[in-house]
Novice: 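Questions regarding the structure given below will be posed in turn.
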Amino acid sequence: MFGANDGIVTTFAVVAGAVGAGLSTDVILILGFAGLLGDGFSMGFGNYLGSKSERDVTRADGEKYLKSVTKPAILTFISFIIAGLIPLLPFVLGLNGSFGLAVMATAVALFLVGSLLGGSVLKKHWFKWGLQMLFVGGMAATIAYVIGYIVQRIIT
């Protein structure tokens, strides 16, 4: 769930920043996919290193470690990539109003991931968690859009 959430938020922030800067669809796709794969690798490998460190500490204490260190890393990478594709799909498909469609699809995805995380995994109020994820993702995208807009105006 956290990999999916991060995939959506980081990819959409890149897209929003590029749109705010007025960049072309080609550049948006280049930046989006570069960020998606680079960040996805970083998340997956970070998960692997964290799990490996936990395993090594547990073994050093003489305890047995049953969990796989590679499975969570692979699942984090895959969920990051799949969810992170959502903000890019309207651009990939060349749809009119791609950014508006990306905003709507991303908002729905953030709410759903937050709801599933809150309700299913954490056993908390699903609606509240959905709104929280939507808020955080929306703020990240807004910040990225404004920064893209400002920097583009400064450098031109």
Side-chain angles (χ1 to χ4, degrees), residues 1-21 28-29 31-58 61 63-93 95-151:
M1 289 296 182
F2 293 111
N5 181 60
D6 286 345
I8 297 167
V9 172
T10 58
T11 304
F12 190 58
V14 169
V15 168
V19 170
I28 292 168
L29 287 170
L31 293 175
F33 277 104
L36 178 67
L37 293 170
D39 290 344
F41 175 80
S42 176
M43 286 285 298
F45 199 69
N47 187 303
Y48 170 79
L49 291 176
S51 295
K52 185 177 178 301
S53 296
E54 181 182 348
R55 180 193 67 194
D56 293 347
V57 168
T58 301
D61 289 341
E63 299 174 30
K64 189 170 183 173
Y65 190 84
L66 300 166
K67 291 187 336 182
S68 166
V69 296
T70 55
K71 184 178 177 182
I74 291 168
L75 289 175
T76 297
F77 176 76
I78 290 170
S79 65
F80 188 101
I81 298 298
I82 290 171
L85 283 171
I86 293 169
L88 290 172
L89 282 178
F91 295 94
V92 170
L93 299 173
L95 300 174
N96 288 333
S98 290
F99 186 60
L101 293 171
V103 168
M104 289 186 285
T106 300
V108 169
L110 284 168
F111 183 80
L112 289 175
V113 168
S115 296
L116 287 170
L117 176 63
S120 299
V121 177
L122 301 175
K123 305 296 184 205
K124 302 288 184 182
H125 195 272
W126 65 270
F127 190 77
K128 180 180 175 182
W129 274 85
L131 289 179
Q132 287 175 343
M133 290 289 191
L134 178 59
F135 177 76
V136 170
M139 289 304 298
T142 300
I143 291 166
Y145 182 92
V146 170
I147 296 299
Y149 182 87
I150 291 171
V151 170

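All residue numbers in this chain count up from 1 along the given sequence.
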Novice: Given 3.5 Å as the limit, does a donor-acceptor pair link the side chain of Thr11 with the main chain of Ile8, or not?
Specialist: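 Such a contact is absent between Thr11 side chain and Ile8 backbone.
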
Novice: Phe45: which residues meet the ring-ring contact (aromatic ring centres under 6.0 Å, His included) condition with it, sequence neighbours left out?
Specialist: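 If we apply the ring-ring contact (aromatic ring centres under 6.0 Å, His included) test to Phe45, skipping adjacent residues, the hits are Phe41, Tyr48.
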
Novice: Between Asp6 and Asp39, is there a side-chain heavy-atom distance shorter than 4.5 Å?
Specialist: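 No, too far: nothing below the 4.5 Å cut-off.
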
Novice: Do you know which two heavy atoms are closest between Ala73 and Asn47, and how far apart they sit?
Specialist: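 Residues Ala73 and Asn47, closest heavy atoms: N-OD1, 3.6 Å.
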
Novice: In Å, rounded to the nearest 0.5 Å, how long is the span from CZ of Phe80 to OG of Ser42?
Specialist: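 Interatomic distance, Phe80 CZ to Ser42 OG, rounded to 0.5 Å: 8.0 Å.
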
Novice: Looking at Leu88, Val103, Leu29, Thr106, which hits side chain to side chain contact (heavy atoms under 4.5 Å, CB included) with Val15?
Specialist: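 Considering Leu88, Val103, Leu29, Thr106, a side chain to side chain contact (heavy atoms under 4.5 Å, CB included) with Val15 is found only for Leu88.
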
Novice: Is there a side-chain contact between Ile82 and Ser79, using heavy atoms and a 4.5 Å cut-off?
Specialist: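 SC-SC contact between Ile82 and Ser79 ruled out.
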
Novice: Kindly write out the residues that satisfy ring-ring contact (aromatic ring centres under 6.0 Å, His included) with Tyr149, not counting sequence neighbours, or none if the list is empty.
Specialist: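 ring-ring contact (aromatic ring centres under 6.0 Å, His included) list for Tyr149, sorted by chain: empty.
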
Novice: Please determine whether the number of non-hydrogen atoms from other residues, nucleotides or ligands lying under 6.0 Å from atom CG of Asn96 exceeds 12.
Specialist: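 No.
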
Novice: Could you report the tightest heavy-atom contact between Met133 and Leu117, atom names first, then the distance?
Specialist: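 For Met133 versus Leu117, the nearest heavy atoms are CE-CD2, 3.3 Å.
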
Novice: Grab the two heavy atoms, one from Ala16 and one from Ala141, that are nearest each other, plus how far apart they are.
Specialist: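 Looking at all heavy atoms of both residues, the shortest contact is CB-O, 3.4 Å.
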
Novice: What are the two closest non-hydrogen atoms of Val9 and Ala140, and how far apart are they?
Specialist: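 The pair with the smallest heavy-atom distance is CG1-CB, 3.8 Å.
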
Novice: If you look at every heavy atom in Ala109 and Ile86, which pair is closest and at what distance?
Specialist: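 Scanning both residues completely, I find the closest heavy atoms to be CB-CD1, 3.6 Å.
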
Novice: CG/Leu89 to CZ/Phe91 distance, rounded to the nearest 0.5 angstrom?
Specialist: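 Rounded to the nearest 0.5 Å, the CG-CZ separation comes to 11.0 Å.
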
Novice: Working to the nearest 0.5 Å, report the span between OG1 of Thr58 and CZ of Arg55.
Specialist: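 Here the interatomic distance stands at 10.0 Å.
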
Novice: Please state whether the rings of Tyr145 and Phe99 are parallel, tilted or perpendicular, taking 30° and 60° as the class boundaries.
Specialist: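 Plane angle under 30°, so parallel.
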
Novice: Rounded to the nearest 0.5 Å, how far apart are CD1 of Ile81 and CG of Leu36?
Specialist: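 Answer rounded to 0.5 Å: 4.0 Å.
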
Novice: How far apart are the closest heavy atoms of Trp129 and Gly118, and which atoms are they?
Specialist: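 Closest approach of Trp129 to Gly118: CG-CA, 3.5 Å.
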
Novice: Would you compute the distance between atom OG of Ser115 and atom NZ of Lys128 and round it to the nearest 0.5 angstrom?
Specialist: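 Answer for the OG-NZ pair, Ser115 versus Lys128, is 13.0 Å.
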
